[in-house]
Structures are given as C-alpha cells and as structure tokens.
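What follows is a single structure, written as structure tokens, with notes after it.
Bear in mind the structure is a predicted one, so any value in this text is a computation, not a measurement.
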Amino acid sequence: MLTKSITQFFKVTPNGVEHPTPEANARKEEWLRIIQRTIVTKEKPVILKSVTTIHNPQIENMVKFFNGAVVDYYLIQSKDLLSGELPLIMRKQAREELLDSAMGYELKMLTKTSRRRKSTADFTNTQQWNDLLKKLEETEFEPNGYEFPNSEEFWKLVSKHGYTEAKEASIQQLRDKMKKLST
C-alpha cells in the first residue's frame, strides 16, 4: 500500500526556524521518488498539496487522554465491564455520549442526522480541552460515582511503558478497584 502523506516538523522559536533533520528530508525525497514511479503518463501528473499547520503536542496529548483513558473509564464504569476487551463500537458510543452531554447533541431525523454540537477539532488551545475534561468530570463522572482518570499518573505510566501499555495498565487498575468495591 502506498503511503498517502508524509509529515515533517519545523520548530519555530522567537529566534528563528529549525528545519527538519537531513534524515527527515531524505525520507521525504525517497517518498517523492516512490510517488514518481506510480505516475503512468505525462498527461496525468500527480499533484502534491503541502499544508503547514501549527502543531501543539499538549493538545495532541489531551486528545489521546480523552479518547483513551477518559472514554474507557466512562465505558467500563457505566456498563460494568469488569473484564474482556472493550468493543470499538461501544467505545465510539461512549465517546459520543460524553461529547453530546458536554457540548450539545446530534438530532437524528428520518433521512439524516443534524449536528447541533461543536466539534473538538475546533479546539485551538489547551484551555478548551481543560474546560471540556473538567466539565465531564463534574457532570458525568462525579454525579454517577465514577472515578475520573488522573492525567498525571497516566502520563507517568506512558513515559515508563508507552501509550498502549499505559492505557491497558490504567484500565486494569480501574477494574481491580471496581472488583474490590463489588465484593
């Protein structure tokens, strides 16, 4: 399968711009050569679109925390899933429930669905994510007696074990606590 995009990062500081490393540029050039080999005729060129956007790693981490730990904690506690894998469809439904309760709703009509809520893709700063997470904690977790994931502990686990393992470990910790409370 041909890779459809490639990402390069530039570090912008008040003193200047740090360009991608020579290795990253070489990777891009090799990718372009592979794309060139796929062009069938001169009459049908491939057009590359290059977009430069500001990347905020803090926002990316908050998105990962929400989509991972927060959604999983909510799903496990609301459905009493004390063991087994969390089905993707249930994760998606739990995410939508949380977003609907915090940001609006989707109106389902006979022929279409009309979105009546904002999108998290429009969040441009960490304060918007902080506000969303705090609102979810106060409206969906605390009133129902659910435990809200601790972001500091979660990111400590991520730094030790990696994202996937940290997510699994935090889920297991929550399930262990729930099992102790139920006995």
Side-chain angles (χ1 to χ4, degrees), residues 1-75 85-89 91-96 98-99 102-104 115 117-137 148-174:
M1 185 173 147
L2 190 62
T3 302
K4 301 221 185 254
S5 67
I6 192 163
T7 304
Q8 288 191 311
F9 294 96
F10 295 77
K11 190 180 284 184
V12 180
T13 65
N15 301 329
V17 177
E18 291 181 27
H19 291 274
T21 63
E23 295 83 17
N25 282 328
R27 192 173 130 247
K28 180 187 81 172
E29 293 301 323
E30 179 59 27
W31 178 74
L32 289 171
R33 280 192 285 282
I34 292 169
I35 297 296
Q36 284 179 306
R37 288 191 290 233
T38 65
I39 298 172
V40 180
T41 66
K42 290 182 180 181
E43 292 81 31
K44 292 187 177 183
V46 171
I47 297 174
L48 297 176
K49 177 182 173 184
S50 177
V51 177
T52 304
T53 59
I54 295 176
H55 173 72
N56 186 335
Q58 288 178 317
I59 290 177
E60 183 179 328
N61 286 341
M62 294 179 108
V63 171
K64 284 182 177 179
F65 179 67
F66 170 73
N67 287 329
V70 174
V71 170
D72 289 350
Y73 266 53
Y74 176 77
L75 175 60
E85 288 291 316
L86 300 175
L88 183 60
I89 189 75
R91 278 187 167 140
K92 286 181 179 180
Q93 289 170 344
R95 181 183 186 280
E96 291 304 311
L98 288 172
L99 291 175
M103 299 175 64
R115 178 166 262 182
R117 75 168 192 231
K118 297 176 188 173
S119 173
T120 57
D122 297 333
F123 287 2
T124 57
N125 61 50
T126 55
Q127 187 59 48
Q128 291 170 305
W129 277 101
N130 283 331
D131 293 345
L132 173 67
L133 293 172
K134 190 66 177 166
K135 185 174 185 178
L136 288 173
E137 182 177 8
F148 192 79
N150 183 323
S151 64
E152 289 178 20
E153 288 179 22
F154 180 76
W155 290 111
K156 283 179 187 176
L157 285 173
V158 169
S159 66
K160 284 183 183 176
H161 307 289
Y163 180 77
T164 305
E165 290 81 10
K167 190 172 148 183
E168 291 172 7
S170 67
I171 287 172
Q172 192 56 49
Q173 288 173 357
L174 173 66

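Using bins of under 30°, 30° to 60° and over 60° for the plane-to-plane angle, the ring pair F66/W129 lands in the tilted bin.
For the atom pair CG (N150) and NZ (K156), the distance works out to 8.0 Å, reported to the nearest 0.5 Å. Here the straight-line distance linking atom CD1 of I59 with atom OG1 of T124 works out to 6.5 Å at 0.5 Å rounding. Here the straight-line distance linking atom CG of L99 with atom CG of L132 works out to 6.5 Å at 0.5 Å rounding. To the nearest 0.5 Å, atoms NZ (K135) and CG (L133) are separated by 12.5 Å. Within the model, atoms CD of Q93 and CD1 of I89 stand 5.0 Å from one another, a figure rounded to the nearest 0.5 Å.
At distances below 3.5 Å, not a single donor-acceptor pair connects side-chain atoms of Y74 with backbone N or O atoms of L136. Judged by distance alone, the side chain of E168 and the main-chain N or O of E165 form no donor-acceptor pair under 3.5 Å. Remark: the backbone N or O of K28 is not paired with any side-chain donor or acceptor of N25 at under 3.5 angstrom.
A salt bridge links E30 with R33: the closest approach of a Lys/Arg side-chain nitrogen to an acidic carboxylate oxygen falls below 4.0 angstrom. We find that K134 and E137 are joined by a salt bridge, their nearest charged nitrogen and carboxylate oxygen being less than 4.0 Å apart.
The number of heavy-atom neighbours closer than 6.0 Å to CD of E29, taken from other residues, nucleotides and ligands shown, is above 12. Around CD of E152, the count of heavy atoms belonging to other residues, nucleotides or ligands within 6.0 Å does not exceed 12.
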Checking side chain to side chain contact (heavy atoms under 4.5 Å, CB included) for the pair L48/L32: CA distance, chi angles, key distance, verdict?
CA-CA 9 Å; L48 297 176; L32 289 171; 3.0 Å; yes
Checking D72 against L174 for the side chain to side chain contact (heavy atoms under 4.5 Å, CB included) test, could you report, in this order, the C-alpha distance in whole Å, the side-chain angles of both residues, the deciding distance, and whether it holds?
CA-CA 10 Å; D72 289 350; L174 173 66; over 6 Å; no
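Considering every non-hydrogen atom in both T126 and Q58, the closest pair reads CG2-CB, 3.6 Å. Across all their heavy atoms, G68 and Y163 have their closest contact at CA-OH, 3.5 Å. Counting all heavy atoms, side chain and backbone alike, R95 lies closest to N67 at NE-OD1, 2.8 Å. The two residues A24 and Q8 come nearest to each other via the heavy atoms O-NE2, 3.2 Å. Here the closest heavy-atom approach between residue R27 and residue T7 is recorded as NH1-O, 4.1 Å. In plain terms, the two heavy atoms of F65 and P149 that are nearest each other are CZ-O, 3.5 Å.
The closest side-chain heavy-atom distance from V63 to T120 is not below 4.5 Å. Annotation: side chain of K64 is in contact with side chain of W155 (closest heavy-atom distance under 4.5 Å). Using a 4.5 Å cut-off on side-chain heavy atoms (C-beta onward), V158 and N61 make no contact. For the pair P87 and E85, the minimum side-chain heavy-atom distance is 4.5 Å or more.
A search for side-chain hydrogen bond (donor to acceptor under 3.5 Å, both in side chains) contacts involving Q127 returns D131, not counting sequence neighbours.
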List, one per line, each side-chain donor-acceptor pair under 3.5 Å for residues 10-19, sequence neighbours excluded.
from	atom 1	to	atom 2	distance (Å)
T13	OG1	N15	N	3.4
T13	OG1	G16	N	3.3
T13	OG1	G16	O	3.1

